[in-house]
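The structure appears right after this line, and notes come after that.
Below, chain A is the first sequence line, B the second, and so on; all start at residue 1.
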Amino acid sequence: MLENYFPVLVFVVVGMAFGCMPILLGWLVSPHRPDSEKLSPFECGFEPFEDARTKFDVRYYLIAILFILFDLEIAFLFPWATIFKEITATPEVKLFGFAEMLVFIGVLVIGYVYAWVKGALDWE
Amino acid sequence: MDLKTIIFYVFAALLIFAALRVITARNPVHAALYLVLAFFNAGGLWLTLQAEFLAITLVMVYVGAVMVLFLFVIMMLDIDIKRLRQGFWRNMPLAATLGVLMVAEMALVLSTDYFGPVAFPGTKMGADYSNTRELGRLLFTDYVYPFELASIILLVAIIAAVVLTLRRRKDVKHLDPVQQVAVKHSDRLRVLQMPAEKEGE
């Protein structure tokens, strides 16, 4: 079964090379003559006066957690899609395979509408 | 050693390296990025076990979403690394005890007959075997009730996240376009009826 993953391996290797090669080449090829002025932190001509790290707004957290929840919802759709034909082919459970996912998504749509109405998706 | 064993050792070694860096990296952002590497390698290991769906879900959900959330949380906390390291040796005995306990627990569980390699010798499936299909078959027939319960749990999480973190900012001079368009001229201009006055009175 490993042969099936050869394209994935190629993808991973090319992706890694694409990310690492420019850095490696830049490090190998470029002249390297540091001095204290070059290595000092630079901030548009004046001395840097505070930590670069600043607090993020808590609203980023809300967006990220909503993204996770709907991402999980999507993750459930993939096994359902592979099995959908098989479930609906059986006559006694024909609608069941469709309805179970409708109920699942329906419950999450309630949450979506709640977030929307509450203004969680707005960025004032 | 066949190719599969070599691949396993590569993934396992990278996984252990990344996991060690997660707990030893000084910068929490670096630790989070090493955790991403650990997730990728765990996904690779699961792929060699033919658990494709779990592997891709791990990458999609954990790397794509959970780690983004982790990074946001790290950025939000405004961590002072120097101050964090002050209590290191004071907290060390408790942390070490807990760590040893957890390792012992895991070793005990894995060495029993229920979870050891004897209980799960690993199945050899053909190239056309689909783990996703098997998972879907069980999830959407025998385990429909837990599946629907999962949607309720996700709904609770959405509502909890909105309730806990949604704050209206008072200091923003934001205008709602709907209100702006809906303004009538009577809201803005008032015509006063005044009696005419004669000049010189």
Side-chain angles (χ1 to χ4, degrees), chain A residues 1-5 8-9 12 51 53-76 78-84 86-87 90 93 96-97 99-101 103-112 114-124, chain B residues 3-4 7 29 44 47-48 50 53 56-57 60-61 64-66 68-80 124-127 129-130 132-141 144 147-148 150-152 154-169 172 174 176:
Chain A
M1 71 34 93
L2 272 180
E3 309 82 79
N4 298 339
Y5 288 109
V8 180
L9 180 73
V12 168
D51 198 4
R53 187 187 289 275
T54 53
K55 275 188 204 170
F56 266 41
D57 199 321
V58 76
R59 284 182 299 172
Y60 287 102
Y61 173 79
L62 181 59
I63 298 290
I65 205 158
L66 287 178
F67 173 62
I68 289 181
L69 294 166
F70 291 111
D71 205 29
L72 274 172
E73 179 194 354
I74 298 296
F76 276 109
F78 290 116
W80 180 68
T82 58
I83 208 73
F84 182 67
E86 206 172 305
I87 289 181
T90 328
V93 289
F96 176 72
E100 61 184 349
M101 190 46 90
V103 171
F104 180 79
I105 294 178
V107 170
L108 282 163
V109 164
I110 297 172
Y112 180 56
Y114 176 78
W116 194 338
V117 168
K118 275 281 182 180
L121 305 174
D122 292 337
W123 197 277
E124 79 252 327
Chain B
L3 182 66
K4 211 169 166 179
I7 288 174
V29 177
L47 266 186
T48 59
Q50 296 187 316
F53 176 68
I56 214 70
T57 308
M60 201 175 81
V61 173
V66 173
V68 174
L69 184 71
F70 269 41
L71 284 173
F72 278 159
V73 169
I74 291 170
M75 297 295 187
M76 227 154 55
L77 289 178
D78 195 19
I79 299 164
D80 186 0
K124 279 265 180 281
M125 299 292 187
Y129 166 76
S130 169
T132 316
R133 181 172 286 269
E134 295 299 321
L135 227 140
R137 192 171 291 141
L138 273 177
L139 189 61
F140 297 107
T141 53
V144 167
F147 166 68
E148 301 295 358
S151 73
I152 303 285
L154 288 176
L155 175 67
V156 170
I158 294 173
I159 293 173
V162 171
V163 168
L164 288 175
T165 63
L166 188 63
R167 300 275 180 279
R168 284 256 158 261
R169 285 182 61 172
V172 184
H174 172 258
D176 188 7

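The parts of B/Val162 that come within reach of chain A are both its backbone and its side chain, each placing non-hydrogen atoms under 4.5 angstrom from that chain. With a 4.5 angstrom heavy-atom cutoff, B/Ile7 touches chain A only via side-chain atoms. For A/Phe70, the part lying under 4.5 angstrom from a heavy atom of chain B is the side chain only. Using a 4.5 Å cut-off between heavy atoms, B/Thr165 touches chain A through backbone and side chain atoms alike. Contacts between A/Leu66 and chain B at a heavy-atom distance below 4.5 Å involve the side chain alone, from C-beta outward. Contacts of A/Leu62 with chain B are made by both backbone and side-chain atoms, with heavy-atom separations under 4.5 Å.
Of the residues considered (B/Val68, B/Val156, B/Leu135, B/Val144), B/Val144 shows the highest number of contacts with chain A, using heavy-atom pairs under 4.5 Å. Residue with the most contacts toward chain B among A/Phe78, A/Tyr112, A/Phe96, A/Phe76: A/Phe76 (heavy-atom pairs, distance under 4.5 Å). No other option in B/Leu69, B/Thr132, B/Ile152 has as many heavy-atom pairs under 4.5 Å with chain A as B/Leu69.
Under the 4.5 Å side-chain criterion, counting only non-hydrogen atoms from C-beta, A/Val107 is not in contact with B/Glu148. Residues A/Tyr61 and B/Met75 form no side-chain contact, since every pair of their non-hydrogen atoms from C-beta on lies 4.5 Å or further apart.
In this structure, the separation between CD1 on A/Ile74 and CE on B/Met60 is 7.0 Å, given to the nearest 0.5 Å. To the nearest 0.5 angstrom, B/Leu155 atom CG is 11.0 Å from A/Glu73 atom CD. Rounded to the nearest 0.5 angstrom, B/Ser151 OG and A/Met101 CE are separated by 10.0 Å. Separation of atoms CD1 (B/Ile159) and CD1 (A/Ile110) is listed at 8.0 Å; rounding is to 0.5 Å. Rounding to the nearest 0.5 Å gives a distance of 10.0 Å between CG of B/Leu139 and CD1 of A/Ile83.
Across A/Leu72, A/Ile68, A/Ile65, a single residue satisfies side chain to side chain contact (heavy atoms under 4.5 Å, CB included) together with B/Val66, and that is A/Ile68.
A distance below 6.0 Å separates the ring centres of B/Phe147 and A/Phe104.
By the neighbour-count criterion of 12 heavy atoms within 6.0 Å, atom CZ of A/Phe84 is densely surrounded, having more than that number from other residues, nucleotides or ligands. Around atom CD1 of A/Ile63, more than 12 heavy atoms belonging to other residues, nucleotides or ligands sit under 6.0 Å away.
Scanning both residues, A/Pro79 and B/Gly136, for their nearest heavy atoms gives CB-CA, 3.7 Å. Between B/Leu166 and A/Gly119, the shortest heavy-atom distance links the atoms CD1-O, 4.1 Å. Across all their heavy atoms, A/Asp71 and B/Ala65 have their closest contact at OD2-CB, 3.8 Å. When all heavy atoms are compared, the tightest approach of B/Phe53 to A/Ala75 is CZ-O, 3.2 Å.
For B/Arg133, the salt bridge (Lys or Arg N to Asp or Glu O under 4.0 Å) partners at least two apart in sequence or on another chain are A/Glu86.
Note on ring orientation: taking the six-membered ring where Trp is involved, the planes of B/Phe72 and A/Tyr60 are tilted (angle from 30° to 60°).
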